[in-house]
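Notes to accompany the following structure.
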Amino acid sequence: MNPKNNYPNVLLNEDWWKSAVFYQIYPRSFYDSNNDGIGDLQGVTKKLDHLNDGNGGGLGIDAIWFSPFFTSPQADFGYDVSDYCNIDEDYGTLEDFDNLVAEAHKRNIKVVLDLVLNHTSDQHEWFKESRSDSTNPKADWYVWADPKPDGSQPNNWLAVFGGAAWTYEPQREQYYLHNFLAEQPDLNWYNPEVREALADVVRFWMKRGVDGFRLDTANYYAHDQELRDNPKRPPNSRPLEDGQEANPLSSYITKYSKDRPENIEFIHYLRTIFDEGNSIVSVGEIGSSEGLDETLKLGADYVKHGDGLHMAYTFAMLNKEMNAEYFDHVVRFTEDMIEDGWPCWSLSNHDCTRMMSRYNCFYEREGFQQMMLLLLLSLRGTPIIYYGEEIDMEEYPISKEEVKDPQGIRFWPEIKGRDGCRLPFPWDSKASNQGFNKGAKPWLPAKNTVTLDKAVADPNSTFHVLKEMLTIRKNYPALQIGNFREILIEGKCFVFERKTVNQTILIAANFSVEEHHLKLPVKVDQDLTPKALKRSCTINNQQLVLPGSGYFVGKL
Ligand code: NOJ
């Protein structure tokens, strides 16, 4: 055994994450075991079999990314951490956590935690000390700056959740930086003591047996130390992220407040800490507001050369735009830019409108969603399924009275926030609160249009299609680790190959409502398309007939 690897881990395969299928759980909304209206860790443990029971039952996923459950005042529902090394009482205890890890590992499910290392809560002891005066030992642990001579903020930077990115602290007569809420002060990554303290957080969880980390806002750690103003965005360019047009931040290019070149150095440092562990994976969130290609390039830069992140995701597939040309461009451009890096794909998460309600090209919702999920599982790169996608959960039209997300509260009604994609998971149509708990009022309404029991009862549901595809993926290594080669983009159809030395798999998808007839440049030996898929294709020699929203996978 490599002597530097002192941490427990279940799999010896270092690159397990390349062939794994991830599933994101928003713990507040998964299952509420103690009936207090909030999902919890014991609840997740109880429901692990839905994801993978270790014996072929359940969806068959391999890893869970948990949105944060650390101690937090919940100003941003856990993305404001006040103690990195403990569990918030809303979610349970460290014992519950250890039990969850043990139960997950029994089922061969890896556990990936969400580390929010750009900022803490303003209730974190570090910040309480830092804000108390300018000479305390933690005085330089956050980003402090003097007011301008007229008393105003140090520069024009805006916060993602509204207002200036600076809040005045009378005790220090200075401003502190917060790219998100004022309750989320940014840590000063330029201070080596801060980096070491964060490294100890990583070590704490590695010792407890976790398998990896999702890094929140991984491109925000560095800021321009001269604090230069962000430039105005040219009128013809628009930010990439879904639904953010009404946010004043979108009128600026955030050149100086994030995406700094030295940010990558901080990531290199973190990578050395991850490498102390055993087969630890890191997945960075690279939320860039720049154009599509710049964003994809930035995401790719973070994962090259084996000394940065293992994987990163951008918002390229999480925005409104979707059609064959767009999909093709995102995939091809990523493949061109990423060199020795490994892609990572998702179609939804807790920050954007659910896929079912978002893409601007939906014709037949169910069929299109199934096709997109199948494509997600066919691309080169690690797929992340967002909880509820397996049953077609839709965006809930949240009302002003129900809104909980600070972004929705701040920007209502132009931006309604992210509650609509965070509803309690609907386990059972016949139970109270759709089976989320035993009847206590859930933190968000349990008003989904779909439920798991109905999806399981329908042999053609997305649940069965996905489950089947996950098995196909496991049986065909080319679908997990094979190279990617686009072979045809014709009309609204997208055809590509995944290839290892011994195996070639062909995948075709039709982004339109019309049936398409394609003449494939290769001969398919075996049709592997999931049987649960209603929109069936026919293949005859090299002639493929793809119905609207059709998907085909076959072995050459
Ligand atoms: C990105 C997270 O995904 C989002 O939910 C959170 O509000 C911000 N980072 C701030 O931590």
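Heads up: numbering here begins at 1 and tracks the sequence. Indexing begins at 1, ligand by ligand and atom by atom, following the structure's order.
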Please confirm whether [X] comes under 4.0 Å of ligand 1, counting heavy atoms of the residue only.
{"X": "Phe77", "result": "no"}
{"X": "Arg418", "result": "yes"}
{"X": "His178", "result": "no"}

Practice task
May I ask you to list the atoms of ligand 1 that are less than 4.0 angstrom from any heavy atom of Thr217?
Solution key: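 Result: 1 (C), 9 (N).
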Problem - His119: numbered ligand 1 atoms lying under 4.0 Å from its heavy atoms - result: 10 (C), 11 (O)
Practice task
Under 4.0 Å, heavy atoms only, figure out whether ligand 1 is touched by the backbone of Phe161, its side chain, both or neither.
Solution key: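 Side chain only.
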Practice task
Check Gln407 against ligand 1 and report side chain, backbone, both or neither, counting heavy atoms closer than 4.0 Å.
Solution key: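 Looking at Gln407 and ligand 1, no heavy atom falls under 4.0 Å.
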Practice task
Scan for ring-ring contact (aromatic ring centres under 6.0 Å, His included) pairs involving residues 187-212, sequence neighbours excluded, and state none if there are none.
Solution key: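 For residues 187-212: Phe70-Trp205, Phe97-Trp205, Trp189-Tyr221, Trp189-Phe266, Tyr190-His223, Tyr190-Phe266.
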Please write down residue, atom name and distance for the protein heavy atom closest to [atom].
{"atom": "atom 8 (C) of ligand 1", "value": "Phe180 CE2, 3.8 Å"}
{"atom": "atom 5 (O) of ligand 1", "value": "Asp351 OD1, 2.7 Å"}
{"atom": "atom 6 (C) of ligand 1", "value": "Asp76 OD2, 3.3 Å"}

Exercise for the section: Just do the salt bridge (charged side-chain N to carboxylate O under 4.0 Å, His left out) check on Lys128 and Glu125 with the steps written out, would you? Expected result: CA-CA 5 Å; Lys128 286 187 187 166; Glu125 290 304 322; 3.5 Å; yes
Handout entry: Carboxylate-amine/guanidinium proximity below 4.0 Å for Arg203 and Glu276
Key =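 Judged by the 4.0 Å cut-off on N to carboxylate O distance, Arg203 and Glu276 do form a salt bridge.
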Problem - Asp32 and Lys46 ion-paired at < 4.0 Å - result: no
Practice task
Just jot down the ring-ring contact (aromatic ring centres under 6.0 Å, His included) partners of Phe327, sequence neighbours excluded, or say none.
Solution key: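 Applying ring-ring contact (aromatic ring centres under 6.0 Å, His included) to Phe327 gives Phe494, Phe511.
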Problem - Tyr79 ring center near His350 ring center (under 6.0 Å) - result: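 Yes, close enough.
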Practice task
Report yes or no: do Gln184 and Asp80 form a side-chain donor-acceptor pair below 3.5 Å?
Solution key: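 Per modelled atom types, Gln184 and Asp80 side chains form no pair under 3.5 Å.
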Handout entry: Closest to atom 2 (C) of ligand 1 among Asp405, Asp216, Asp80 (heavy-atom distance)
Key =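 Minimum heavy-atom distance to atom 2 (C) of ligand 1 goes to Asp216.
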Problem - Donor-acceptor pair, side chain of Lys18 and main chain of Trp342, under 3.5 angstrom - result: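 The answer is no, because no donor-acceptor pair under 3.5 Å joins these two groups.
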